[in-house]
Amino acid sequence: MILRANEAAIAQAAQALFDGQLVGLPTETVYGLAANASDDGAVAKIFVAKGRPADHPLIVHVASAAQVPVFAAQVPDFAQALINAFWPGPLTLILPRQSGVAKASAGGQDSIGLRCPSHPVAQQLLQACADLGVLGVSAPSANRFGRVSPTSAAHVQSELGPDLLILDGGECDVGIESTIIDCTRGEPVLLRPGHITRAQIEAACGRTVLDKDAPQAALGQPAPRASGTLESHYAPRAKVRLMSAADIASKLQALGPHANNLGLWSAKRPATDEGFGSGVLWLEQATTAEQAAHDLFSVLRDLDARGVTQIWVQLPPDTPEWEGVRDRLQRAAA
Ligand code: TXA
Ligand code: MG
């Protein structure tokens, strides 16, 4: 059931979370599948609904930084600087977990992922939850495990069915999931690139951001399990292939009129003499990383829904601002 996110619907959703039920929740990045973070039974329903392995930890969403000490045992200075700079916003921090809280949500790990979303509906819902004593809301992306994250209420319903209460907060602005920084290893470690770039993180906290596979990052504890960081993820049904613009042009030409059930997401509409015909469904790829991130998951879904068997994607440039989009594309194609 999709409800337009007005005050009454938000109050109903907060009550549902308090009662141990699941709610589809809009955020500025993607839609989440929410449950009371402190209710292990409610959290277990998320894993069932998504088909996600129970040892993959979930992000806990909070109304403000004031809730951090409820869930995190300790906040290093550089993590506090990131909170000050980017919350509310699309940044998740992995911190040492306060023992005894949100154990199921953390997938049994002794760390916890915390994020304070900026979407006004998420903010209002988290505040309404806090007023009921629900201080954190666990929410992975509201898709079946391994599939494309939802960026609209209709996407959530098509993933998880008509029974789920979904707050409709419109299309997500950012379009790809939050940047995740692990703050448990002494230095900031990038677990998942996103809208907030490495350079912005470094500027805000004055530290070098390590890669998750860097030898320094491996010092201390082993890297935590993170499903958003699995090699194959975000997969539509159609097979995704990443190519340069030149490869797309020459391969289209080679196919000519035989191109069939082919989805194409590229910056330039192919010319007719490249074999562009009725068998090719072209969608325009934006030339800015922000707009392309916004469009990415809905383009994959849209082409899938139209029954293409292959999706050819022009691989964007290997420059810092495109890191998040390239990461999702590489995993959609894996
Ligand atoms: O933008 C987002 O972050 C969205 C919206 C709904 O907020 N949420 C999201 O959740 O992407 P999910 O579960 O699809 O991805 C969360 C990622 C996973 O890769 C998970 O393993 C990782 O965060 N994660 C959560 N807690 C963690 C922890 N304690 N240690 C390591 N990784 C953690
Ligand atoms: Mg996800």
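Excluded from the calculations below are hydrogen atoms, water molecules and symmetry mates; all remaining heavy atoms, backbone and side chain alike, are included. Both counts, for ligands and for their atoms, begin at 1 and track the order of listing.
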With no hydrogens and no angle check, just 3.5 Å: does a side-chain donor-acceptor pair link [X] and [Y]?
{"X": "Arg192", "Y": "Ser178", "result": "yes"}
{"X": "Ser149", "Y": "Glu177", "result": "yes"}
{"X": "Trp312", "Y": "Gln310", "result": "yes"}

Test of understanding: clusters of I, L, V, M, F, W, Y form through side-chain heavy atoms closer than 4.5 Å, transitively. Do Tyr31 and Leu33 belong to the same one? yes
Would Leu210 and Phe78 show up in the same hydrophobic cluster when neighbours are defined by side-chain heavy atoms closer than 4.5 Å? no
Taking both backbone and side chain into account, is any N, O or S atom of Ser149 nearer than 2.8 Å to the Mg ion (ligand 2)? no
Consider every N or O of [X] and every N or O of ligand 1, then say whether any pair is closer than 3.5 Å.
{"X": "Ser111", "answer": "yes"}
{"X": "Thr27", "answer": "no"}
{"X": "His56", "answer": "no"}
{"X": "Ser141", "answer": "yes"}
{"X": "Ser178", "answer": "yes"}

Applying a heavy-atom cut-off of 4.0 Å, say which part of [X] lies close to ligand 1: side chain, backbone, both or neither.
{"X": "Ile180", "result": "side chain"}
{"X": "Ala139", "result": "backbone"}
{"X": "Arg97", "result": "neither"}
{"X": "Lys50", "result": "neither"}

Approximate separation, where rounding is to 0.5 Å, of Thr184 OG1 and Leu95 CG: 8.0 Å
Using a 4.0 Å cut-off to any heavy atom of [X], which atoms of ligand 1 qualify?
{"X": "Glu177", "result": "1 (O), 2 (C), 11 (O)"}
{"X": "Ile112", "result": "29 (N)"}
{"X": "Gly32", "result": "6 (C)"}

I'd like to know if the side chain of Arg198 reaches the main chain of Glu202, judged simply by a donor and an acceptor atom lying under 3.5 Å from each other, with no hydrogens or angles considered. no
Candidate list His61, His119, Arg115, test side chain to side chain donor-acceptor pair (under 3.5 Å), partner Thr27, passing option: Arg115
Which option, Pro140, Pro57, Ala122, owns the non-hydrogen atom nearest atom 20 (C) of ligand 1? Pro57
Grab the two heavy atoms, one from Pro193 and one from Arg328, that are nearest each other, plus how far apart they are. O-NH1, 2.8 Å
